Amino acid sequence: MTDAIDRIFAVSPDIRYVALYRNGALESHQRPGLENPSASESDKYEELIVNPTLLKCASQRGDIDCGGLRGLVVAYGNFLELVIPIRSGHLSVGFENGSNPLAYTDQLASMLDEQ
């Protein structure tokens, strides 16, 4: 998974955090030297509990009559978090405030679809 995470970081200098949760395995990395980084322990529980729950709820709604779910953005105070459902899990990418995570949704999802 580390190779995929490195490729995702290379997409934009605005990416500050990447987590890949697939088939029950979690790997995450933060860009070094961040201002206001989140705690790795809270990140772990966000990836194991919060993001899967948000994706499940939004996916069920999206599947009714919205054409499915491509991803969602959570706007925290210190950063923006893009969460994308992927086969057997999800991808979370933290972006700097002021960036546009939605502009990267299709590119990031396709990077993992290739694997």
Side-chain angles (χ1 to χ4, degrees):
M1 277 196 265
T2 301
D3 185 47
I5 288 175
D6 290 342
R7 288 187 296 117
I8 291 166
F9 270 116
V11 167
S12 170
D14 287 331
I15 294 176
R16 51 185 286 141
Y17 167 84
V18 177
L20 187 53
Y21 182 67
R22 192 184 308 185
N23 297 319
L26 173 64
E27 185 172 354
S28 64
H29 297 282
Q30 278 191 32
R31 190 178 297 278
L34 290 177
E35 283 189 37
N36 303 311
S38 56
S40 62
E41 191 67 12
S42 72
D43 288 344
K44 174 183 168 186
Y45 291 107
E46 179 176 16
E47 303 305 342
L48 295 177
I49 300 169
V50 177
N51 289 339
T53 302
L54 293 175
L55 286 172
K56 180 68 172 175
C57 292
S59 291
Q60 285 183 311
R61 170 60 185 107
D63 289 344
I64 293 171
D65 61 358
C66 299
L69 177 72
R70 291 178 35 230
L72 54 93
V73 175
V74 180
Y76 291 112
N78 294 330
F79 57 93
L80 304 169
E81 189 78 19
L82 173 64
V83 186
I84 302 171
I86 61 170
R87 194 176 6 257
S88 303
H90 70 269
L91 169 67
S92 294
V93 182
F95 285 83
E96 294 291 348
N97 281 328
S99 62
N100 181 6
L102 292 175
Y104 297 97
T105 303
D106 292 336
Q107 179 184 4
L108 293 170
S110 71
M111 289 172 74
L112 294 172
D113 284 344
E114 296 167 358
Q115 293 184 342

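Treat the numbers as computed from the prediction; the structure is a model and nothing was measured.
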Measure the OG-CD1 distance between Ser88 and Ile86 for me, rounded to the nearest 0.5 Å.
8.0 Å

Closest non-hydrogen atom pair between Arg16 and Glu96, with its separation
NH1-OE1, 3.2 Å

Arg31 side-chain N/O to Asp14 backbone N/O, donor-acceptor pair under 3.5 Å:
no

Between NZ of Lys44 and CG of Leu26, what distance do you get to the nearest 0.5 Å?
8.5 Å

Quick check: do Thr53 and Lys56 have side-chain heavy atoms less than 4.5 Å from each other?
no

Nearest 0.5 angstrom please: Arg7 CZ to Thr2 OG1, how far?
11.5 Å

Exercise: do Glu81 and Asn51 side chains pair donor with acceptor under 3.5 Å
no

Starting at OG of Ser28, measure out to OH of Tyr17 and round the result to the nearest 0.5 Å.
4.0 Å

Do Leu69 and Asp63 have side-chain heavy atoms sitting under 4.5 Å apart?
no

What one should report as the nearest heavy-atom pair of Ile8 and Ile15 is O-CD1, 3.2 Å

Are side-chain heavy atoms of Val83 and Leu54 found at a separation under 4.5 Å?
no

Decide whether Leu108 and Leu72 are clustered together by the hydrophobic rule: side chain heavy atoms of Ile, Leu, Val, Met, Phe, Trp, Tyr closer than 4.5 Å, transitively.
no

Pro101 and Ser99 have their tightest heavy-atom pair at CD-O, 3.4 Å

Show your working on side-chain contact (heavy atoms from CB on, under 4.5 Å) between His90 and Glu47 and close with a plain yes or no.
CA-CA 9 Å; His90 70 269; Glu47 303 305 342; 2.8 Å; yes

Note: Gly77 and Asn97 closest approach over all heavy atoms is O-ND2, 2.9 Å

Are Leu82 and Val50 grouped together when hydrophobic residues (ILVMFWY) are joined by side-chain heavy atoms under 4.5 angstrom apart?
no

Could you measure the distance from the OG atom of Ser38 to the CD atom of Gln30? Nearest 0.5 Å is fine.
4.5 Å

Do Tyr45 and Leu55 belong to the same hydrophobic cluster, where Ile, Leu, Val, Met, Phe, Trp and Tyr are linked whenever their side-chain heavy atoms lie under 4.5 Å apart, directly or via other members?
no

The reported gap from CG in Leu34 to CZ in Phe79 (rounded to nearest 0.5 angstrom) is 9.5 Å

If two hydrophobic side chains count as joined below 4.5 Å and joins carry through other members, does Tyr76 share a cluster with Phe95?
no

Establish whether Leu112 and Phe9 are linked, either directly or via other cluster members, by ILVMFWY side-chain heavy-atom contacts under 4.5 Å.
yes

Taking the side chain as every heavy atom from C-beta outward, state whether Val18 and Leu91 have any atom pair closer than 4.5 Å.
yes

